[in-house]
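Below is one structure, written out as structure tokens, with a few remarks after it.
Chain A is the first sequence line, chain B the second, and so forth, proteins listed ahead of strands; every chain is numbered from 1. This one's a predicted model, so the numbers in the text were calculated from it and none came from an experiment.
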Number of protein chains: 2
Amino acid sequence: MNIGEIARRAGVSRSTVSYALSGKRPVSDETREKIQRVIDDLGYRPNASARALANGRTSTIGLVFPPAGDHYTGMQLDFIGSVVEAAATYDYDVLLSPSGVDSDRSFQRLLGERRVDGAILMEIRLQDDRVDHLLAEDFPAVCIGRTARPEGDWWVGLDHTALAAACVHHLADLGHRRIAFVNRPERLLRAGYESAHRGLDGFTKAAAERGLTVRTYTCGDDAPSGQACLERILHDDPATTALVTLNEAALGGLYRGLAHAGRHVPRDFSVTGVVASRWAETVTPQLTAADVPAAQMGRLAVDLLVERLDHPDGPPRHHLLTPPISLRASTGPAGTVAPPSPASEPTA
Amino acid sequence: MNIGEIARRAGVSRSTVSYALSGKRPVSDETREKIQRVIDDLGYRPNASARALANGRTSTIGLVFPPAGDHYTGMQLDFIGSVVEAAATYDYDVLLSPSGVDSDRSFQRLLGERRVDGAILMEIRLQDDRVDHLLAEDFPAVCIGRTARPEGDWWVGLDHTALAAACVHHLADLGHRRIAFVNRPERLLRAGYESAHRGLDGFTKAAAERGLTVRTYTCGDDAPSGQACLERILHDDPATTALVTLNEAALGGLYRGLAHAGRHVPRDFSVTGVVASRWAETVTPQLTAADVPAAQMGRLAVDLLVERLDHPDGPPRHHLLTPPISLRASTGPAGTVAPPSPASEPTA
DNA sequence: ATGAGGAGTCGAACCGGTTCGACGGCTCGA
DNA sequence: TCGAGCCGTCGAACCGGTTCGACTCCTCAT
């Protein structure tokens with residue numbers, strides 16, 4: 001059931017069928033209808049590989065996402081979903097590529113073997129060899145996140161510096177003086193993940209500006225790590241009255257740690273951070289946070305990529321987003337009374 | 001940079017290069033090395049579309065997953081991640097296909113246009129026209145979940161009937177007599193989602209067996225819906241002392257509802273259900289639940305699909321999993337004292 | 001009446017691989 | 001010494017589309 005068979009049955013040549021389908025040259029109504037009838041009868045669909053080979057476009061975009069070994073965060077799920085949905089509206093498929101242990105191999109697979117027309121990269125690092133590589137090859141790609149020098153590149157990113165700073169100011173305005181920062185895992189920080197670095201920067205500078213006493217922590221992407229991290233925070237400085245977290249997956253653990261330490265949120269302790277709204281709303285009390293607009297970012301990334309594919313010589317474009325802090329229920333004024341005595345246990 | 005160019009520079013024919021690469025015919029060491037040197041120099045990689053066209057295999061599997069309009073659950077994320085990872089070990093790429101509003105269109109794209117060698121389907125319904133269609137065409141596919149008549153098909157599924165029943169027995173053993181069931185959204189139940197139906201069945205039968213008083217609810221896949229659902233439960237029968245949920249995404253909301261109603265978990269109220277362990281561990285107290293082994297299921301689905309692709313005439317295979325209930329901290333003996341008076345507010 | 005030009009169609013080349021049949025040269029057993 | 005048979009290589013066909021140039025009508029302006 002190929003184009004030749006359709007042509008034979010419709011009594012025309014293969015090229016006429018092709019033109020009838022693509023509309024790139026005029027075809028008489030009579031012929032077009034005849035062809036269409038045969039196609040409908042046989043349920044013919046043109047072979048994607050053959051088409052891709054002939055015209056050099058696969059109608060597929062690659063989504064390079066972090067390895068499964070890491071715990072996924074809810075944010076990533078929203079990205080993936082919105083990217084796939086947006087791509088579908090442009091008639092693109094999405095090919096998933098794990099940038100796992102052997103990131104180079106799957107990268108080569110995608111680009112070298114021309115499986116995709118363009119790519120969207122997640123989990124960008126400040127110095128990112130993948131990005132450098134793509135930039136050098138002028139391969140159509142869009143980053144979700146930006147490197148240290150994002151000038152000539154295409155990306156959609158979050159202003160983590162401003163976001164973390166906004167969290168600090170929010171807490172400072174409420175009277176908190178001793179606050180902690182819960183970052184992504186140390187491994188990611190060391191690898192240079194931009195959100196971890198820029199968030200930490202914004203936090204540190206804003207805290208200095210407001211003259212706050214701070215401690216910063218890294219924390220695994222799961223609830224038990226969050227709980228352990230909170231225990232460390234209260235152990236290191238029991239007078240801490242608030243924290244800012246970039247670590248969505250640890251959130252549940254942080255709350256649990258607070259509950260176990262007998263700190264009521266927000267009466268005794270305020271929590272805020274940068275978290276997708278859907279997850280901010282699953283915890284009790286709901287988290288006051290800068291909402292990561294993951295779905296919007298995925299959509300924007302696809303928009304940019306499609307534009308880049310359609311106009312290969314256009315100037316680089318990007319979107320830097322700074323969502324406002326959504327006031328929910330996890331922050332409140334710093335207590336004027338002393339916090340409970342260090343390491344006090346909940347009602348045993 | 002195609003195979004002809006490599007052949008020219010190495011001074012051999014195109015077919016020799018092809019054989020050197022595939023090993024399907026002997027090539028002298030000398031020639032092979034000469035070719036390899038040219039390939040390394042130029043960084044040549046064979047074009048995937050051309051290869052697919054020639055040998056009829058795309059080395060890609062399709063993953064048909066639910067539309068982004070729905071809220072994703074954590075489970076789905078784990079599936080996707082593990083499928084991609086497992087596929088990579090077999091040298092397959094994964095193409096995402098939203099089975100969204102226009103499910104037929106993307107379905108046709110995948111299969112009709114031969115973009116993929118096989119497919120993995122998620123979110124199976126008891127009567128599923130997609131599955132029927134694939135079965136009729138003998139298209140290599142594996143379902144995550146099973147239809148009402150799964151005999152001749154390939155799938156990996158969870159025994160939701162047994163799992164829900166196990167939850168009921170666990171609660172009944174603890175002395176609970178009035179329990180509620182929180183299902184997936186009504187829309188999905190009506191559409192015939194297998195987990196929703198089989199889970200409900202298992203719950204209902206086991207409860208009848210144990211002579212329990214039950215109410216069953218459907219609930220949106222998000223925290224606010226969970227909270228609202230819990231309010232309904234306590235409104236409808238304030239003497240309810242436990243619930244079973246299949247709805248992972250509503251879990252946070254259910255907990256919040258209980259907190260607002262002044263019910264302490266597990267002292268006043270027990271919660272259990274079927275939830276991926278990672279999410280069961282984010283709530284406080286951690287959820288006693290049948291852990292959905294999402295990662296394992298993704299891996300198994302890929303294993304089955306690859307086997308089916310390698311041995312097209314083998315008999316259908318499947319895996320039915322019944323993970324045990326992990327005892328955590330959200331269930332306890334039914335209180336012998338009367339529950340707090342209806343609609344009592346927490347310390348205001 | 002005539003030539004320009006557009007509509008409609010066809011054949012052939014091409015995209016970049018894989019695979020089959022053929023063939024020359026060599027080894028080895030009869 | 002001859003032929004069978006294997007090794008290594010080549011040319012050509014093929015996969016299923018797209019696209020370009022050429023050709024035939026037909027219309028319309030000159």
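Following rounding to the nearest Å, B/Arg51 (CZ) and D/dG16 (C1') show an atom-to-atom distance of 18 Å. In this structure, CZ of A/Arg57 is placed 23 Å from P of C/dC14, rounded to the nearest angstrom. Rounded to whole Å, the distance from CG on B/Asn47 to C1' on D/dG16 is 14 Å. What separates CZ of A/Arg32 from C1' of C/dT9 is a distance of 13 Å, to the nearest Å. Between the P atom of D/dC10 and the CD1 atom of B/Ile35 lies a distance of 8 Å, rounded to the nearest Å. One can place CD of A/Glu33 at 13 Å from P of C/dG8, the figure rounded to the nearest angstrom. Distance, B/Glu30 CD to D/dT9 C1': 13 Å, rounded to whole Å. As rounded to whole Å, 11 Å separates atom C1' of C/dT18 from atom CG of B/Leu21.
Residue A/Leu53 places its side chain closer to C/dC15 than to any other of C/dC15, C/dG17, D/dG17. When each of C/dG8, D/dC20, D/dG8 is scored by its nearest atom to the side-chain atoms of B/Ser28, the top-ranked nucleotide is D/dG8. With D/dG17, D/dC10, C/dT18 as the choices, the nucleotide that has an atom nearest any side-chain atom of B/Ser13 turns out to be D/dC10. In the set D/dG17, C/dT9, D/dC10, the nucleotide with an atom closest to the side chain of A/Val27 is C/dT9. Closest contact between the side chain of A/Asn55 and the listed nucleotides D/dT18, C/dC15, C/dT9 involves D/dT18. Nearest nucleotide to the side chain of B/Thr16, out of C/dC10, D/dG17, D/dT9: D/dT9. In the set C/dT19, D/dG16, C/dG16, the nucleotide with an atom closest to the side chain of B/Lys24 is C/dT19. For A/Asn2, the listed nucleotide lying nearest its side chain is D/dG16; candidates were C/dG16, D/dG16, C/dC10. Here D/dT19 is the nucleotide among D/dG17, D/dT19, C/dG17 with the atom lying nearest to any side-chain atom of A/Ser18.
Among the protein residues, A/Pro26 comes within range of the nucleic acid bases, having at least one heavy atom under 4.0 Å from a base atom. Using a 4.0 Å heavy-atom cutoff across all strands shown, B/Ser22 reaches no nucleic acid atom at all.
With 3.5 Å as the limit, one finds no donor-acceptor pair spanning the side chains of A/Tyr193 and A/Arg187.
Taking only distance into account, the side chain of A/Ser49 never meets the base of D/dG17 through a donor-acceptor pair shorter than 3.5 Å. At a cut-off of 3.5 angstrom, counting only N and O atoms as typed in the model, there is a donor on one side and an acceptor on the other between the side-chain of B/Arg25 and the base of D/dT9.
No donor-acceptor pair closer than 3.5 Å links the side chain of A/Arg299 to the backbone N or O of A/Ser82. At least one donor-acceptor pair closer than 3.5 Å links the side chain of B/Asp128 to the backbone N or O of B/Arg125.
Distances shorter than 4.0 Å separate none of the side-chain N or O atoms of B/Tyr19 from OP1 or OP2 on D/dG11. Between B/Arg14 and the phosphate of D/dG11, there is no side-chain N or O to OP1/OP2 separation shorter than 4.0 Å.
Ionic pairing of B/Glu30 and B/Lys34 is not present here: no N-O contact between side-chain nitrogen and carboxylate oxygen is shorter than 4.0 angstrom. The pair B/Arg37-B/Asp40 does not count as a salt bridge, with every side-chain nitrogen at least 4.0 angstrom from each carboxylate oxygen.
B/Thr58 and B/Asp117 make their closest contact through N-OD1, 2.7 Å (heavy atoms, listed as atom of the first residue, atom of the second, distance).
Nearest-nucleotide positions on DNA chain D for B/Ser15 and B/Ala54 put B/Ser15 closer to the 5' end.
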